[in-house]
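Report on one structure; see the data block that follows.
Ligands are counted one by one from 1 in listed order, and the atoms in each one are counted from 1 as well. Numbers here are sequence positions counted from 1.
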Amino acid sequence: MQANKLKKSDQKDLIFELIAKEEQRQKEMIGLIPSENHSSANVRAALGSCLSSKYAEGYPKRRYYEGNQVIDEIELEAQDRLKKLFQVPHVNVQPYSGSPANSAVEFALLEEGDTMMGLSLSSGGHLTHGHPKVTFSGKYFHSVQYGLDENARIDYEQVRQLALKHKPKLIVAGTTAYPFILDFAKFAEIADEVGAYLLADISHITGLVVAGEHPSPIPYAHVVMSTTHKTFRGPRGAMIMVTERGLKKDADLADKIDKAVFPALQGGPHNETTAAIAIAALEALQPEFKEYGKQIRKNTDTLANALKIGGLKLVGDGSENHLILIDLTPFGEGFGTQVAFAMDVAGIYANRNTIPNEPCSPFYPSGIRIGTPLVTTRGMKEKEMKKIAQWIVQVVDRIKDEQLPADKEQRRTFLKDFKKRIIKDEALLKIRAEVKEMAQNFPLFTW
Ligand code: DSN
C-alpha cells in the first residue's frame with residue numbers, strides 16, 4: 001500500500017522513473033517497427049497540455065459543453081491545415097485512432113449485412129478491413145477479402161472479379177504489411193464499375209503521400225482515412241477526409257462521417273490530440289518534410305538491398321515504400337518469433353509477421369516486418385542502414401539452428417527455453433553494445 005501513495009513531488013512517482021527508462025530504451029535501441037515514429041517536442045508538449053482537461057462533445061460552434069471558445073479555434077485550425085495539406089473539402093480530426101476511424105467510415109456508409117471488400121490480413125491488410133469473425137467489420141458486414149498475385153502484389157484482376165460478383169457497397173484500399181505502391185486509380189475504376197464507395201486507408205504511407213513519394217489517393221477515393229502517428233509523425237490519433245469526388249458521389253458524405261464519429265461511436269474528442277495533429281500538419285507543410293519522405297525511401301531501398309546482399313529473402317524482392325517483409329522460410333517455417341526476439345536482445349526491435357501464403361501460422365509466423373520511419377526521423381542515413389542490415393544478418397545467422405519443433409505441443413516449451421537462453425547470448429549482447437554505441441549518436445527526433 002505504501003508504494004502506491006503519492007510522493008511529495010509527482011516527479012518522484014515510479015511512473016516518471018519508468019518513462020525515463022523507456023526514453024533511454026528508445027535512445028539506446030534501433031526501432032524498425034514500420035508503424036511507429038518519434039514526434040517533435042511541440043507535438044508532445046501539446047499532448048501534455050491543459051487541453052486534456054476539457055470536454056468538447058460535438059463539433060466547433062456546435063458543442064454540448066460550455067467554455068469551448070479556444071478549443072473551437074484549435075479544432076478549426078487543425079481542419080484548415082489538413083485541408084490545405086491534402087487539398088480536400090472536409091476533414092474530421094476526432095477519431096481516437098485508426099480502428100475507431102475505420103469503424104466510423106464503415107458505420108457511416110454501410111448497413112448491417114452490407115458487403116464490403118478489403119485486403120486479407122494474411123496478405124497485409126488490416127483487421128478493420130473486414131477480417132472475418134473476430135472484428136466489428138467482419139462480424140456486422142458481409143466481408144469479402146481479396147489477396148495477392150504470385151509476385152506478392154495486390155491482384156487487381158481478382159479485386160475486379162470479386163467486386164463484379166459480390167457488388168460491394170464499400171471497397172477498402174489500404175494495408176499494414178505491404179511493401180508496394182497502391183494503384184488507387186485502378187481501385188477507383190473497379191469501385192466505379194460496381195458503384196461502390198472507395199475508402200483509402202493510407203495510415204502507413206501518409207508521410208510518403210505528403211512528400212510526393214507515393215501517389216496520392218485524393219483524386220480517386222471518396223473517403224481517405226489515416227492515423228496520425230505513423231509516417232505522418234504526429235500524435236496517436238486519426239483523421240477522416242472526404243474528397244471532392246466523395247461529395248460528388250454523395251452530397252451528404254461529410255455529414256454522415258461526422259455523425260458516425262460523434263455521436264454514433266465516440267464521446268468527447270481528445271483536444272490535446274487535436275492540437276498535436278494541427279502541429280504535425282504544420283510540420284508536414286514545411287519543405288523539410290519532403291526531405292524526410294525522400295530519405296525514408298532512400299533508407300528503405302538501401303536497407304532492402306543490404307539485406308539481400310547478406311543473403312536474406314524479401315517478400316516481393318524489395319520495397320516501394322517505407323516497409324520491408326523478410327521471408328525467413330529458407331531457414332525454416334515459423335522462424336519469425338525467434339528472429340524477432342533475438343533481434344530485440346541485440347538491440348533492434350521489429351515485428352514478427354506472417355508472409356503471403358504463410359506456411360506456418362499467425363502465432364508462429366515465418367516473417368519479420370521492418371521499416372525506416374523511426375530511424376529516418378532520428379537522422380540515420382544510408383551508411384547506418386547498411387550497418388543495421390549487417391546486424392540483422394548476423395542475428396539470423398547466430399540463431400539459424402533454433403527451429404520450432406514440428407510437434408505443436410512442444411513449441412511453447414521450446415520458445416520458453418529459447419528465450420531464457422538467448423537473452424544471455426554473448427554474440428547477441430555484443431551486437432547490442434555496438435547498436436547502443438551507434439544509436440546514442442542520434443537524438444530521437446531531428447528536424
Ligand atoms: N498496429 C498498426 C500496425 O502496426 O501496422 C496497425 O493498426
Side-chain angles (χ1 to χ4, degrees), residues 26 29-39 95-106 116 118-132 134-138 143 145 148 152 154 172-182 199-209 214 217 223-240 265-266 273 277 280 296 300 315-316 319-326 336-337 339-341 343-344 348-356 358 362-363 365 367-377:
Q26 291 184 14
M29 291 181 79
I30 286 172
L32 292 183
I33 293 179
S35 49
E36 291 181 3
N37 217 331
H38 301 292
S39 48
Y96 296 145
S97 202
S99 295
N102 277 337
S103 303
V105 176
E106 289 157 13
M116 65 174 285
L119 180 65
S120 70
L121 191 64
S122 57
S123 304
H126 192 256
L127 286 163
T128 55
H129 298 170
H131 187 62
V134 293
T135 67
F136 167 73
S137 58
S143 161
Q145 302 262 274
L148 307 175
I154 286 172
V172 185
T175 62
T176 58
Y178 182 72
F180 304 109
I181 296 244
L182 289 170
L199 162 65
D201 175 347
I202 59 168
S203 297
H204 265 259
I205 53 170
T206 308
L208 296 179
V209 169
H214 188 292
V223 182
V224 177
M225 168 274 167
S226 177
T227 48
T228 47
H229 46 272
K230 297 188 173 87
T231 47
F232 191 60
R233 262 194 340 199
R236 301 297 284 244
M239 53 194 170
I240 303 173
L265 296 170
Q266 293 191 178
T273 304
I277 291 174
I296 285 185
T300 311
V315 169
S319 172
E320 294 168 350
N321 55 26
H322 63 300
L323 182 150
I324 298 165
L325 269 180
I326 304 176
T337 307
V339 172
F341 188 79
M343 281 172 64
D344 196 57
I348 303 171
Y349 55 104
N351 293 113
R352 65 180 198 274
N353 212 93
T354 52
I355 54 166
E358 173 60 52
F363 297 107
I368 291 286
R369 184 183 77 149
I370 57 175
T372 59
L374 282 161
V375 288
T376 308
T377 291

| message | Under a 3.5 Å cutoff, is there a donor and acceptor pairing between the side chains of H126 and N102? | response | no
| query | With a cut-off of 4.0 Å, which atoms of ligand 1 are near a heavy atom of H204? | reply | 3 (C), 5 (O)
| query | Counting only heavy atoms on the protein side, is anything nearer than 4.0 Å to atom 4 (O) of ligand 1? | reply | yes
| task | Would you mind running through ligand 1 and noting each atom that sits below 4.0 Å from a heavy atom of R369? | result | 3 (C), 4 (O), 5 (O)
| field | ligand 1 to K230 polar contact by distance, N or O atoms, under 3.5 Å | value | no
| message | Just verifying a value: how many Å separate T231 OG1 and E36 CD, rounded to the nearest 0.5 Å? | response | 13.0 Å
| query | Looking at residues at least two apart in the chain, or sitting in another chain, which of them share a side chain to side chain contact (heavy atoms under 4.5 Å, CB included) with P365? | reply | T337, R352, T354, E358
| query | In this structure, which one of T372, N321, V375 forms a side chain to side chain contact (heavy atoms under 4.5 Å, CB included) with I296? | reply | T372
| request: Return the residue, atom name and 0.1 Å-rounded distance of the protein heavy atom closest to atom 7 (O) of ligand 1. | output: H126 NE2, 2.8 Å
| said: Under a 4.0 angstrom heavy-atom cut-off, which atoms of ligand 1 come close to T176? | reply: 5 (O), 6 (C)
| task | Go through the side-chain N and O atoms of T377 and R233 and say whether any donor and acceptor fall under 3.5 Å apart. | result | yes
| field | Per-residue contact class, E36 against ligand 1 - non-hydrogen pairs under 4.0 Å | value | neither
| Between the side chains of T128 and S137, does any donor sit under 3.5 Å from an acceptor? | no
| task | Tell me which protein heavy atom sits closest to atom 1 (N) of ligand 1, plus the residue, atom name and distance to 0.1 Å. | result | S35 OG, 4.6 Å
